[in-house]
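Reminder, nothing fancy here: chain letters follow the sequence lines and each chain counts from 1. Hydrogens, waters and symmetry mates play no part in the numbers below; they use all other heavy atoms, side chains included.
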2 protein chains.
Amino acid sequence: MTQPTSPDTASGQDALPRQHRQYTIGELARMFEVTPRTIRFYEQEGLLAPRREGQKRIYHEKDRVRLKLTLRGKRLGFSLGEIREVVMMYDAMPDGNARQLRRLLEILADKRANLERQLEDIRLMRMELDDVDHRAREVLRGLGHEA
Amino acid sequence: MTQPTSPDTASGQDALPRQHRQYTIGELARMFEVTPRTIRFYEQEGLLAPRREGQKRIYHEKDRVRLKLTLRGKRLGFSLGEIREVVMMYDAMPDGNARQLRRLLEILADKRANLERQLEDIRLMRMELDDVDHRAREVLRGLGHEA
DNA sequence: CAAGCACTTTACGTTAACGTCAACCTCGTC
DNA sequence: GACGAGGTTGACGTTAACGTAAAGTGCTTG
């Protein structure tokens with residue numbers, strides 16, 4: 001029974017301080033319903049940087065959050081490259097120079113514009129779906145009455 | 001000056017009844033800022049079925065709308081296959097049997113669920129962006145005051 | 001009539017984002 | 001000490017969604 005542990009509630013068996021909770025790659029994978037391969041790939045792409053214990057990768061809260069953000073970005077159609085842009089600049093922020101920061105702000109504005117367009121797209125798409133739905137139901141009603 | 005013609009307002013030079021307006025592949029391409037190759041590809045994938053005049057493809061309103069819906073679907077992260085599912089079933093609706101119609105309703109519900117999750121994702125993503133934005137601005141302010 | 005432009009088909013190339021082995025370590029445990 | 005359940009690194013395969021180049025058709029314009 002390899003059922004996915006909710007990525008937000010899960011904290012092991014005993015109530016750990018959650019800040020110090022550690023995860024193996026398999027645990028994370030189950031939590032988010034992705035494969036370990038995917039997680040390793042994200043690391044290779046510079047989106048994650050787990051610590052090592054010997055060979056094994058050890059993930060902490062920060063890594064979990066990053067993965068969560070990454071997957072959310074993906075669901076919204078961002079490429080891993082785009083996601084990395086934001087995530088990495090975010091980390092480099094504290095000691096970032098002004099040029100980098102302004103560049104970050106640009107990127108953010110860009111993403112936001114993207115989101116706004118998606119909102120509108122969703123609105124329109126919903127209407128289309130409603131429309132098709134209505135028609136389909138009517139045709140179904142028609143079928144019911146005949147023959 | 002190959003500037004994109006707005007895909008919604010454009011109706012040629014003289015006010016055509018718009019319902020009978022015809023388009024070449026290049027016109028459509030410019031309207032939606034895609035390449036002809038893309039449009040041909042969509043046809044090959046069963047998303048468009050323009051009439052032919054000799055060799056050349058002739059597109060009408062219906063085709064334009066389909067393309068519009070297709071691109072919107074894409075911006076929302078749907079695959080061409082998913083888009084085709086809905087679009088083709090929509091066309092097959094009038095004489096569709098009950099089983100097909102119920103299947104269509106399922107698919108629609110599915111897509112809608114997808115959209116709802118995206119809405120939530122957008123909400124969350126917005127907050128993240130706002131957060132990063134704030135921090136970046138603060139760091140910038142800091143830089144301004146020193147040195 | 002040659003040139004240019006927009007269109008056509010065919011076919012191979014490319015990129016992103018993983019999947020899928022294979023071959024290997026390293027535990028706890030029976 | 002064999003074994004199974006996890007983990008590891010290559011390395012090659014795959015799919016979607018086009019890009020790109022080659023070679024040809026058809027109009028109309030200098």
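- In this structure Asp133(A) satisfies the side chain to side chain contact (heavy atoms under 4.5 Å, CB included) test together with Arg137(A), Leu105(B), Leu108(B), Arg112(B), sequence neighbours excluded.
- Taking every side-chain heavy atom of Arg52(A) into account, dT8(D) is the closest of dA17(C), dC18(D), dT8(D).
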## Note on the structure
5' to 3', nucleotides 21-27 of chain C under a 4.0 Å protein heavy-atom cut-off (B base, S sugar-phosphate only, - none) gives -------

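- Under a 3.5 Å cut-off, the side chain of Arg66(B) and the backbone N or O of Leu47(B) do form a donor-acceptor pair.
- Considering only heavy atoms from C-beta on, Gln22(A) comes within 4.5 Å of His60(A) through its side chain.
- Atom CZ in Phe32(A) sits roughly 18 Å away from atom C1' in dC18(C) (whole-Å rounding).
- One can place OH of Tyr59(A) at 11 Å from C1' of dT8(D), the figure rounded to the nearest angstrom.
- In this entry the distance linking CG of Leu71(A) with P of dA17(C) reads 12 Å, nearest Å.
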Give every pair of a protein N or O atom and an N or O atom of nucleotides 20-23 of chain D that lie under 3.5 Å apart, one pair per line with the distance.
from    : atom 1 : to       : atom 2 : distance (Å)
dT20(D) : O4     : Arg37(B) : NE     : 3.3

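- For dG6(D), the OP1/OP2 oxygens have no side-chain nitrogen or oxygen of Arg57(A) closer than 4.0 Å.
- Glu43(A) places its CD atom 12 Å from the C1' atom of dT9(D), with the value rounded to the nearest Å.
- If you measure from atom CD1 of Ile39(B) to atom P of dC18(D), you get 11 Å, rounded to the nearest angstrom.
- Rounded to whole Å, the distance from CD1 on Ile25(B) to P on dA6(C) is 13 Å.
- Within the structure, every side-chain polar atom (N or O) of Thr24(B) is placed at least 4.0 Å from both OP1 and OP2 of dA6(C).
- In this structure, the side chains of Lys68(B) and Phe32(B) come closer than 4.5 Å at one or more pairs of heavy atoms.
- With Lys62(A) as the fixed residue, the side-chain contact (heavy atoms from CB on, under 4.5 Å) test singles out one of Leu67(A), Leu48(A), Asp91(A): Asp91(A).
- Taking 4.0 angstrom as the limit, Lys74(A) places a side-chain polar atom (N or O) nearer than this to OP1 or OP2 of dC18(C).
- Considering all non-hydrogen atoms of both residues, Ala136(B) and Leu104(A) come closest at CB-CD2, 4.2 Å.
- Nucleotide dG19(C) holds its C1' atom 12 Å from the CZ atom of Arg40(A), rounded to whole Å.
- You'll find the side chain of Arg72(A) reaches within 4.5 Å of the side chain of Glu128(B), heavy atoms only.
- For the residue pair Leu28(A) and Tyr23(A), the shortest heavy atom distance occurs at CG-CB, 4.0 Å.
- The shortest distance between the side-chain N/O atoms of Tyr42(B) and the OP1/OP2 oxygens of dC18(D) is below 4.0 Å.
- Residues Leu140(B) and Arg102(A) are in side-chain contact: their nearest non-hydrogen atoms beyond the backbone lie under 4.5 Å apart.
- Atoms CZ (Arg30(B)) and C1' (dC5(C)) sit 12 Å apart, rounded to a whole Å.
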